[in-house]
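Just so you know, residue 1 is the first one in the sequence shown, and it goes up from there.
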Amino acid sequence: MPKHGKRYKALVSKVDRDRMYSIDEAAAMVKDIATAKFDETVEIHFRLGIDPRKSDQNVRGTVALPHGTGRTVRVAVIAKGDKLQEAETAGADVFGAEDLIDRIAGGFMDFDTVVATPDMMAQVGQKLARLLGPRGLLPNPKSGTVGLDVAGIVKGLKAGRIEFRNDKTGVVHAPIGKASFDPANLSANFQALIAAVEAAKPSSAKGVYVKSAFLSSTMGPSIPLSLTTA
C-alpha cells in the first residue's frame, strides 16, 4: 500500500499519535484499520535497550502463543527410525532422513520451519547450512527446533509456538495473530510474548529494557502501546 495514498492517510488519521494505547484498546482498534481484502497479520514491534553489536546482549527465545498465530505452519522433520513415525503422528507435513536432506539440497522448500534430531544435525549443517541459514530455517536448539521430543516440537509449532529475536537495530518483530482474531485473544497473545521477551533480558543490558512497543497490521499504520498498562 502506498504510504501516502488516500486510503493509508485515512487509516493514519484514526490513530492519535499523541497518546499511548493499552493493548486492549489497540487490539480492538486494529480491526478498524485492517481494511485489506485478506486477513492481515497483526505484529508487535519492541524497541529494546540493548546493544545488538554485543553478542551477550542479543535477545532470542521462543513462546507458545495461547491462541496461536492464525496461520498454518508447514513443518519438515529430519530424523531417523521411530522418530519419523513420531513426526508423522504429530502432524509433520514432510519427514525423512538423508532422503529429505537431499530433496532440500535439490531445491525442495515447501515448508515454513525445519525440525531435526541431534543425530542428524551434522549432515544438516554440512549440506543445508548455506541454504537454510540465510532464510532463518536452519534447525537450532536455541529456537527449539532441535531435540529428541519430535512430537512435542511439531505439536508446539503447529499450535502457535513462535521464535523471536532482535534485528540489527535492537528491535524485535513478532506476529501475535490475525486481524480477524477476537481482541481478547490478541491481548492474551501479547501478554505471553512480552513476558517471554522480558524473561530473555540479557544480564548485561542496563537501563530501560523494553523502551517502546507498537502494534500494527500488515497494511495498516502502527499503534503506540503503553507498556505501563500492558
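- Contact annotation: the side chain of I223 approaches that of I33 to within less than 4.5 Å [non-hydrogen atoms, C-beta and beyond].
- Of the charged side-chain nitrogens involved, at least one lies within less than 4.0 Å of a carboxylate oxygen, so that K14 and D32 count as a salt-bridged pair.
- In this structure the side chain of S204 reaches within 4.5 angstrom of the side chain of Q57, judged on heavy atoms.
- Atoms OG and CG, on S187 and D24 in that order, are 4.0 Å from each other to the nearest 0.5 Å.
- At least one side-chain heavy atom of I104 sits under 4.5 Å from a side-chain heavy atom of M109.
- Residues V59 and P202 form a side-chain contact, since some pair of their non-hydrogen atoms from C-beta on lies under 4.5 Å apart.
- Connection of L65 to V154 is not established within any shared hydrophobic cluster, with ILVMFWY side chains joined at heavy-atom distances below 4.5 Å, either directly or through further cluster members.
- Remark: D82 CG is loosely packed, at most 12 non-hydrogen atoms of other residues, nucleotides or ligands lying under 6.0 Å away.
- Shown here for V210 and V208, the closest heavy-atom pair between the two residues is O-CG1, 3.6 Å.
- Nearest heavy-atom pair across L186 and G177 is CD2-CA, 4.0 Å.
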Side-chain donor-acceptor distances from residues 121-138 under 3.5 Å, at least two apart:
unit_1: Q123; atom_1: NE2; unit_2: E98; atom_2: OE2; d: 3.4
unit_1: R135; atom_1: NH1; unit_2: L131; atom_2: O; d: 2.8

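- Within the structure, side chain to side chain donor-acceptor pair (under 3.5 Å) contacts touching residues 148-162 (residues at least two apart or in different chains) are D93-K158.
- With sequence neighbours excluded, the residues satisfying salt bridge (charged side-chain N to carboxylate O under 4.0 Å, His left out) with R71 are D112.
- Between the side chain of E43 and the backbone N or O of T218 there is no donor-acceptor pair closer than 3.5 Å.
- Under the side-chain contact (heavy atoms from CB on, under 4.5 Å) criterion, E25 pairs with R19, Y21, S22, sequence neighbours left out.
- Between V42 and F181, the closest side-chain pair of non-hydrogen atoms is not below 4.5 Å.
- In this structure, V114 and T145 have side chains that are not in contact, with every pair of non-hydrogen atoms separated by 4.5 Å or more.
- Of all heavy-atom pairs spanning L100 and A76, the tightest one is CD2-CB, 4.5 Å.
- Distance CZ/R74 to CG/D110: 4.5 Å, rounded to 0.5 Å.
- In this structure, K83 pairs ionically with E86, as a charged nitrogen and a carboxylate oxygen lie closer than 4.0 Å.
- Between the K31 side chain and the A179 main chain, a donor and an acceptor come within less than 3.5 Å of each other.
- Of the inter-residue distances, the one linking I176 atom CD1 with I44 atom CD1 reads 4.0 Å to the nearest 0.5 angstrom.
- No continuous path of hydrophobic side-chain contacts links V171 to I194 [ILVMFWY only; heavy atoms under 4.5 Å].
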Fill in: Verdict with reasoning, R103 to V94, per side chain to side chain contact (heavy atoms under 4.5 Å, CB included)
CA-CA 11 Å; R103 285 181 67 193; V94 60; 3.8 Å; yes

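- With sequence neighbours left out, the side-chain contact (heavy atoms from CB on, under 4.5 Å) criterion links S222 to R17, F214, S216.
- Under the rule for a side-chain contact (heavy atoms from CB on, under 4.5 Å), the partners of A87 that lie at least two apart in sequence or sit in another chain are V77, A92, F95, V150.
- Heavy-atom minimum distance, A36 versus M219: CB-CG, 4.1 Å.
- Residue T62 holds its OG1 atom at 9.0 Å from CG of L157, rounded to the nearest 0.5 Å.
- Scanning all heavy atoms of the two residues, the minimum distance from L84 to A79 falls at CD2-O, 3.3 Å.
- Interatomic distance, M20 CE to L227 CG, rounded to the nearest 0.5 Å: 6.5 Å.
- Here the side chain of N189 pairs a donor or acceptor atom with the backbone of G68 at under 3.5 angstrom.
- For the pair K54 and D56, the salt-bridge criterion is not met [side-chain N within less than 4.0 Å of a carboxylate O].
- Side-chain contact between N58 and I50: absent, with no pair of heavy atoms (C-beta onward) separated by less than 4.5 Å.
- Considering all non-hydrogen atoms of both residues, P183 and A27 come closest at O-CB, 3.6 Å.
- Without hydrogens or angle criteria, D39 side chain to S180 main chain gives a donor-acceptor distance under 3.5 Å.
- Grouping the Ile, Leu, Val, Met, Phe, Trp and Tyr side chains by contacts below 4.5 angstrom, directly or via other members, places L193 apart from V73.
- By the 30° and 60° cut-offs, the orientation of the rings of H45 relative to H173 is perpendicular.
- Between T35 atom OG1 and E40 atom CD the span is 6.5 Å, to the nearest 0.5 Å.
- Counting heavy atoms from C-beta on, the side chains of M120 and I101 come closer than 4.5 Å.
- Under a hydrophobic clustering in which Ile, Leu, Val, Met, Phe, Trp and Tyr are joined whenever their side-chain heavy atoms come within less than 4.5 Å, directly or via other members, V115 and V63 fall into different clusters.
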